[in-house]
2 protein chains.
Amino acid sequence: MAEALTSEAILVATEEVLRRYGPAKATVVDVAKALGVSHGSVYRHFATKAALREAVTRRWLDAQHAAMEPAFDQGLTAAEMLRIWLQKLFDRKKHSHVEEPELFATYLVLVRESRAIPEFHIEHLVGQLARIISAGVETHEFVTDDVNATAQAVWDATDRFHHPAHAQEWGDPHIQDAFDAVVSLIIAGLRYNRSPSAAGDA
Amino acid sequence: MAEALTSEAILVATEEVLRRYGPAKATVVDVAKALGVSHGSVYRHFATKAALREAVTRRWLDAQHAAMEPAFDQGLTAAEMLRIWLQKLFDRKKHSHVEEPELFATYLVLVRESRAIPEFHIEHLVGQLARIISAGVETHEFVTDDVNATAQAVWDATDRFHHPAHAQEWGDPHIQDAFDAVVSLIIAGLRYNRSPSAAGDA
DNA sequence: GGACTGACAGATTTCACTATCTGTCAGTCC
DNA sequence: GGACTGACAGATAGTGAAATCTGTCAGTCC
């Protein structure tokens with residue numbers, strides 16, 4: 001008899017099975033086979049197949065969050081930090097999609113399966129944006145009376161460069177120019193923004 | 001024998017068949033049946049099923065372009081015109097998606113089928129944006145050294161509010177707030193924008 | 001006695017088979 | 001003689017029986 005079966009070992013095996021067979025073909029039986037146990041044992045640790053896949057997704061998103069944690073470098077302006085953060089997010093997504101399209105598609109399916117997870121994931125990243133904008137407001141580099149709403153607006157305005165629905169556009173040779181133009185427009189806006197409710201356009 | 005079969009009559013019948021059966025079920029035989037002719041006759045006017053559907057799509061997009069033509073009202077600032085135009089586009093799309101989801105889905109499938117058409121459609125709308133921004137530059141309300149690139153940036157930054165991939169989010173009760181926040185941010189940026197290449201963030 | 005197995009019922013997926021559809025064209029009909 | 005038909009071949013989609021999968025649980029094995 002080998003070591004006792006752990007949830008951790010099941011998650012690792014499930015990731016491997018998903019990587020090899022893809023989300024449509026990966027079965028609980030496959031996972032059990034990879035671990036050399038019966039599939040009944042897997043159900044001892046995860047109540048349903050959905051719960052198992054959700055756990056894998058959560059694990060993967062946690063790693064994404066950690067990688068995106070912004071560095072508050074003293075030598076950088078908030079605008080520079082914001083541009084670097086958005087570029088990093090874009091580069092990571094683009095690289096993942098271009099270099100490993102199947103794995104990207106697999107995790108896209110997993111993320112879409114869960115209702116609550118994507119929302120939490122986005123809130124986390126928008127929170128990171130809010131911290132950068134907040135730093136800019138403190139140095140009077142940016143103007144806004146609602147940091148969170150503005151962070152959400154920056155997130156929404158850059159949707160094309162992080163939302164997986166637009167992934168196919170990321171191969172376009174001019175996509176970096178489009179990204180730069182949008183980010184420049186946003187940064188210009190942050191220097192001179194008013195809240196939506198107080199906004200008189202004239 | 002009825003009137004001679006015209007391309008126009010075939011297009012009208014095809015629209016009706018698409019509306020009733022949806023894009024997956026609508027066949028050339030159905031169209032011919034609706035017109036009381038054999039399906040061979042339809043092929044006399046359109047070389048392939050794809051060409052027929054493309055003609056229907058082109059017809060529909062032309063109507064969309066016409067409806068979005070901006071009004072250069074003397075009493076409005078460029079910012080007001082821009083906000084009105086973007087709101088109109090958003091309202092039209094949202095209304096279409098919420099009120100007639102099946103028809104919206106049908107035309108979404110049709111648009112995706114053709115390679116060249118969507119590109120032309122977007123260029124047309126970005127051109128309308130460019131004219132509004134150009135008007136703002138002339139009155140020194142907006143600052144930019146590349147009107148077309150900036151128009152494209154405004155289009156990209158508002159993707160979430162016109163790209164059909166985001167249609168499901170348009171039912172969110174807070175979507176109008178998100179829209180207002182993004183548009184305010186963009187308009188603030190247009191007042192103080194620099195080109196991507198000349199942009200020093202510090 | 002608690003981790004694990006394997007047989008099982010119901011749900012889902014697969015696959016071979018059949019229907020229908022697309023596109024062609026020789027022939028018909030004013 | 002030109003618009004139209006309808007039978008046809010190859011391609012595509014629908015269908016239903018068989019195989020597989022999910023989730024359960026009584027029983028096995030240290």
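Every heavy atom of this structure was used, including side-chain atoms; hydrogens, water molecules and symmetry mates were not. All chains are named by letter (A, B, ...) in the order of the sequence lines, taking the proteins before the strands, and each is independently numbered beginning at 1.
Residues A/Asn148 and A/Gln152 have side chains that never bring a donor and an acceptor to within less than 3.5 angstrom of each other. Using a 3.5 Å distance cut-off with no hydrogens or angles, the side chains of B/His166 and A/His166 do pair a donor with an acceptor. Between the side chains of B/His163 and A/His163, no donor-acceptor pair is found at a separation under 3.5 Å. Side chains of A/Arg58 and A/Ser114: a donor-acceptor N/O pair is absent below 3.5 angstrom, by distance only.
Using a 4.0 Å cut-off between charged side-chain N and carboxylate O, A/Lys94 and A/Glu169 make no salt bridge. A salt bridge links B/Glu15 with B/Arg59: the distance from a Lys NZ or Arg NE/NH1/NH2 to an Asp or Glu carboxylate oxygen falls below 4.0 Å.
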In dot-bracket form, 5' to 3', how is DNA chain D paired? Count Watson-Crick and G-U wobble pairs only if both distances fall under 3.5 Å, and write | where the partner sits on another strand.
|||||||||||.||||||||||||||||||
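One can place CG of B/Leu5 at 9 Å from C1' of D/dA3, the figure rounded to the nearest angstrom.
With its glycosidic angle within 90° of 0, C/dA19 adopts the syn conformation.
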Where protein sits on nucleotides 21-27 of chain C, one letter per nucleotide: B base, S sugar-phosphate only, - none, heavy atoms under 4.0 Å
SBB----
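In terms of phosphate contacts, A/Ser41 brings no side-chain nitrogen or oxygen within less than 4.0 Å of OP1 or OP2 of C/dA3.
Residue whose closest nucleotide on DNA chain D sits further toward the 5' end, between B/Ala24 and B/Ser38: B/Ser38.
Aromatic ring orientation, A/Phe90 versus A/Phe179: parallel (interplanar angle below 30°, classes split at 30° and 60°).
The closest donor-acceptor contact from the side chain of A/Glu141 to the backbone of A/Thr77 lies at 3.5 Å or more, if one exists at all.
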